[in-house]
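See below for the structure under consideration.
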2 protein chains.
Amino acid sequence: MAYAGLTPERLTRAGAELADEVGFDQVTVSALARRFDVKVASLYSHLKNSQDLKTRIALLALEELADRAADALAGRAGKDALTAFANVYRDYAREHPGRYAAAQLRLDPEAAAAGAGVRHARMMRAILRGYDLAEPDQTHAVRMLGSVFHGYVSLETAGGFSHSAPDSQESWSRVLDALDALLRNWPAS
Amino acid sequence: MAYAGLTPERLTRAGAELADEVGFDQVTVSALARRFDVKVASLYSHLKNSQDLKTRIALLALEELADRAADALAGRAGKDALTAFANVYRDYAREHPGRYAAAQLRLDPEAAAAGAGVRHARMMRAILRGYDLAEPDQTHAVRMLGSVFHGYVSLETAGGFSHSAPDSQESWSRVLDALDALLRNWPAS
DNA sequence: TGGACATGCCTAAAAGTATTAGGCAAACGG
DNA sequence: CCGTTTGCCTAATACTTTTAGGCATGTCCA
C-alpha cells in the first residue's frame, strides 16, 4: 500500500471535519482510519490514543476561535467590540458545531494552559476596557460574559430556542443590547 | 440465580448514581449490569438500548431539578425568587454533576415535550412577574436567564473559575446582583 | 550503487461495549 | 398442581480501542 501521508496535524484536521459532520462524540479512531482508507492500528503511530485525538481537536478549535476573535476585535471598542466578539462565538458554533463541542472538552490543566484559553481571557478583558470597571468587578463581568456567550450558544445549538417566537436572532441582539447596558451601568456592591 | 428485581426505574436511578460517581459519559449498560451483579443482556428486557437509558437519566434529572426549583420558588418573588431559583441550578450541578450533564443531553423533541422542560420555562416566566417586562422582552429575558445560569454552572463545573481570585461564590453573587439590576432596568428597543 | 537503518502502514490478537436470539427456571394465576 | 408469563441466562455477532511484532518502502552513507 502506498504511503497515506498521515501526520498528527492532518489527522487532527480530518477529525475536526468529521466532528462537524457527525458530531464530536461520534469521532472515533476507527472512523478516522476509514476516512483515510487505512487500518486502525496505523493511526497509533501518530496519536497516543483516542483521548489524545480529542484533545488535539479541542485545542485546534480553541485556536481557530481565538484567531477569529482577535480579527474581529481589531479596531473595535465598546459595544461594537462586544457584539463582534460575541458573534464570533455564535457563528463559529453554527458553522462548526463539532469543533465547538470539542472546545468544551474538559482539558487537563496543563493542556489548557498551553492552549488558547489564555488568549480568550485576555480578549474578554480587552473588551471591558471600553467600559468603566475596576477589579474585582471586571473579573465578575468577564465571567458573566463568558457564561452568557457559552450558555446562549450552547442552548441554541441544542435546539432550545427553535420552533418558538421570537426567533433566536432577535433574542441574541436584544441580549447583547442588555449586556451592553449592564456593563455601562454595573451595579455597585 | 435469584431474581435481581430489575425495573426501568431502578436501573434509571442506579444509572443516575453511576453518572454522579464516574461521569455521565462513563455510564454504560455494561457498568450498570456489573453494579447489579447481573449479565449485560438481562438489562435489555428493561431498556430499549443504551440511548434509552441515557434519555431516562436525563428526564429524571430534569424532573428532580424542576421539583427543587418549584420548592425554592414557593412564597418568593423578585430578586429573592431569582436568587433561589439560580441557586437550585448551581447547587444541583455541584451535588449531582453526572445528572446535570445528563440534563444537557439533546433529547428528541417528543421526549423533551413529555419531560419537565415546560415546567422549567414556566418557572422562569413566573420569576419575571416580579419585574416589569412585556413581550417580547420577557422571552428575551427568559433566554438570557437560561443562558447565564446554564453557562455559569457549566463553566464552573468544567473548572473554569477555580484557581483564580476572586472565588467563584463571590462572582456568582455579583452576577445575580447584576441580573437583578438589569431586569429592573431592561433597555428599551 | 548498494546496503543499513528508520519509518510507515500492515496483520494479529486481546479486551471492552452494544445488541439480538433463544433457553430454562422461578413466580403466579386459576 | 399445571400452564403461562416473567426474568435472567448463555451464545453469538459486530464494533471500538489498544498493543505487539512484521514487512516493505524510503533515506542516507560508504
Side-chain angles (χ1 to χ4, degrees), chain A residues 1-60 98-99 101-102 104-108 111, chain B residues 1-60 98-99 101-102 104-108 111:
Chain A
M1 161 98 37
Y3 278 20
L6 306 179
T7 65
E9 289 68 31
R10 284 191 64 196
L11 290 171
T12 304
R13 273 197 302 274
E17 285 161 26
L18 187 59
D20 287 335
E21 289 165 24
V22 303
F24 182 59
D25 40 330
Q26 304 299 315
V27 172
T28 172
V29 183
S30 301
L32 200 53
R34 276 193 293 275
R35 175 159 293 218
F36 280 90
D37 201 22
V38 138
K39 297 298 171 179
V40 188
S42 306
L43 301 199
Y44 282 82
S45 312
H46 308 280
L47 302 171
K48 231 170 100 271
N49 52 35
S50 181
Q51 186 56 46
D52 181 36
L53 170 63
K54 286 177 186 156
T55 301
R56 283 171 188 272
I57 296 173
L59 292 175
L60 171 68
R99 283 159 151 99
Q104 253 53 64
L105 185 67
R106 219 189 150 127
L107 300 170
D108 23 327
Chain B
M1 163 95 38
Y3 278 21
L6 305 180
T7 66
E9 290 70 29
R10 285 191 65 196
L11 289 171
T12 303
R13 273 198 301 275
E17 285 162 25
L18 187 59
D20 287 336
E21 289 165 25
V22 303
F24 182 59
D25 41 328
Q26 304 298 316
V27 171
T28 172
V29 184
S30 301
L32 202 53
R34 275 193 293 276
R35 175 159 293 217
F36 280 91
D37 201 22
V38 139
K39 297 297 171 181
V40 188
S42 306
L43 301 198
Y44 282 81
S45 313
H46 307 279
L47 302 171
K48 230 169 99 268
N49 52 34
S50 180
Q51 186 57 45
D52 181 36
L53 170 62
K54 286 174 186 157
T55 300
R56 283 171 188 270
I57 296 174
L59 293 174
L60 171 68
R99 283 159 150 100
Q104 255 53 66
L105 186 67
R106 218 187 151 126
L107 299 170
D108 22 327

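So you know, we letter chains A, B, ... as the sequences are listed, proteins then strands, and number each from 1. Bear in mind that the values here come from a model prediction, so they are computed numbers and not experimental data.
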May I have the distance from [X] (atom [atom1]) to [N] (atom [atom2]), rounded to whole angstrom?
X: A/L43; N: D/dT19; atom1: CG; atom2: P; answer: 13 Å
X: B/L6; N: D/dC8; atom1: CG; atom2: P; answer: 4 Å
X: A/K54; N: D/dT16; atom1: NZ; atom2: P; answer: 12 Å
X: A/N49; N: D/dT16; atom1: CG; atom2: P; answer: 17 Å
X: A/D52; N: D/dT16; atom1: CG; atom2: C1'; answer: 17 Å
X: B/D25; N: D/dT17; atom1: CG; atom2: P; answer: 14 Å
X: A/H46; N: C/dC10; atom1: NE2; atom2: C1'; answer: 12 Å
X: B/Y44; N: D/dT13; atom1: OH; atom2: P; answer: 17 Å

May I ask you to evaluate whether [X] reaches the phosphate of [N], defined as a side-chain N or O under 4.0 Å from OP1 or OP2?
X: A/R34; N: D/dT16; value: yes
X: B/S42; N: D/dG7; value: no
X: A/S50; N: D/dT16; value: no
X: A/T28; N: D/dC15; value: no

Any base atoms under 4.0 Å from A/A31, or only sugar-phosphate, or nothing? Heavy atoms, all strands. nothing
Could you please name the option among C/dT11, C/dA18, D/dT16 that lies closest to any side-chain atom of A/S30? D/dT16
Nearest of D/dT10, C/dC9, C/dC10 to any side-chain atom of B/A41? D/dT10
Measure across [X] and [Y] and return the closest heavy-atom pair with its distance rounded to 0.1 Å.
X: B/V38; Y: B/L43; result: CG1-CD2, 4.2 Å
X: A/R10; Y: A/A4; result: NH1-O, 3.2 Å
X: A/F36; Y: A/A14; result: CE1-CB, 3.5 Å
X: A/I57; Y: A/G15; result: CD1-C, 3.6 Å

Indicate yes or no for a side-chain donor-acceptor contact from A/R56 to the backbone of A/P8 under 3.5 Å, with no hydrogens or angles considered. no
